Amino acid sequence: MKLLTYASTDAIRLWLASAVLIVLSFVVGLGVFGSTVALSFGCSAALMMWLPLVRQLAPVAYSVVVKGRWPARQ
């Protein structure tokens with residue numbers, strides 16, 4: 001959970017919204033309509049919502065794994 005403290009609140013909100021979108025895509029896309037197109041659009045939109053969080057946390061994860069220490073906060 002310490003890793004999420006390095007992310008902005010907007011990126012975390014997008015991450016949570018993408019989780020909701022994935023669940024809705026599976027329920028509505030496959031469960032109700034049986035449409036793989038609706039599922040693929042929902043999953044691709046959710047994946048794009050993950051990108052800001054990944055962009056912010058990738059340098060932090062690199063620092064912890066490769067250098068063995070948490071980066072200083074800016």
Side-chain angles (χ1 to χ4, degrees):
M1 281 307 186
K2 184 176 181 179
L3 185 65
L4 288 179
T5 61
Y6 286 88
S8 68
T9 55
D10 291 338
I12 293 173
R13 285 184 188 138
L14 278 174
W15 177 56
L16 292 173
S18 71
V20 170
L21 184 61
I22 286 281
V23 170
L24 287 176
S25 295
F26 276 101
V27 169
V28 173
L30 290 179
V32 176
F33 297 119
S35 171
T36 55
V37 173
L39 176 67
S40 64
F41 280 136
C43 289
S44 63
L47 180 66
M48 288 190 310
M49 293 168 85
W50 271 70
L51 291 178
L53 184 68
V54 170
R55 195 180 85 224
Q56 290 177 0
L57 295 182
V60 177
Y62 174 80
S63 177
V64 170
V65 170
V66 174
K67 297 177 182 176
R69 60 184 161 83
W70 290 93
R73 294 183 193 246
Q74 297 173 351

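Source: prediction; values computed, not measured. Numbering of residues begins at 1 and proceeds along the displayed sequence.
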If you group Ile, Leu, Val, Met, Phe, Trp and Tyr by side-chain heavy-atom gaps below 4.5 Å, do Met49 and Ile22 land in one group? no
Looking at Ser25 and Ser40, would you say the former's side chain and the latter's main chain have a donor-acceptor pair under 3.5 Å? no
Nearest-0.5 Å distance that lies between atom CG in Asp10 and atom CH2 in Trp15: 15.0 Å
Common cluster, Leu24/Met48, ILVMFWY with side-chain heavy-atom separation under 4.5 Å: no
Non-hydrogen atoms of Ala61 and Leu3 that approach each other most closely: N-CD1, 4.4 Å
Nearest non-hydrogen partners of Gln56 and Ser8, listed with the distance: OE1-N, 2.9 Å
Please answer: with hydrophobic residues joined when any side-chain heavy atoms are less than 4.5 Å apart, are Val64 and Val54 in the same cluster? yes
If hydrophobic clusters are built from ILVMFWY residues whose side chains come within less than 4.5 Å, do Phe26 and Leu47 share one? no
With side chain to side chain contact (heavy atoms under 4.5 Å, CB included) as the test, would you mind laying out the steps for Leu57 and Leu4 before giving the verdict? CA-CA 8 Å; Leu57 295 182; Leu4 288 179; 4.0 Å; yes
Contacts of Thr9 that satisfy side chain to side chain donor-acceptor pair (under 3.5 Å) - sequence neighbours left out: none
With clusters defined by side-chain heavy atoms of hydrophobic residues (ILVMFWY) lying less than 4.5 Å apart, directly or transitively, does Phe41 cluster with Val20? no
Straight-line distance of Trp70 CH2 to Thr5 OG1, nearest 0.5 Å: 7.0 Å
Close side-chain approach of Leu14 to Leu53, heavy-atom, < 4.5 Å: no
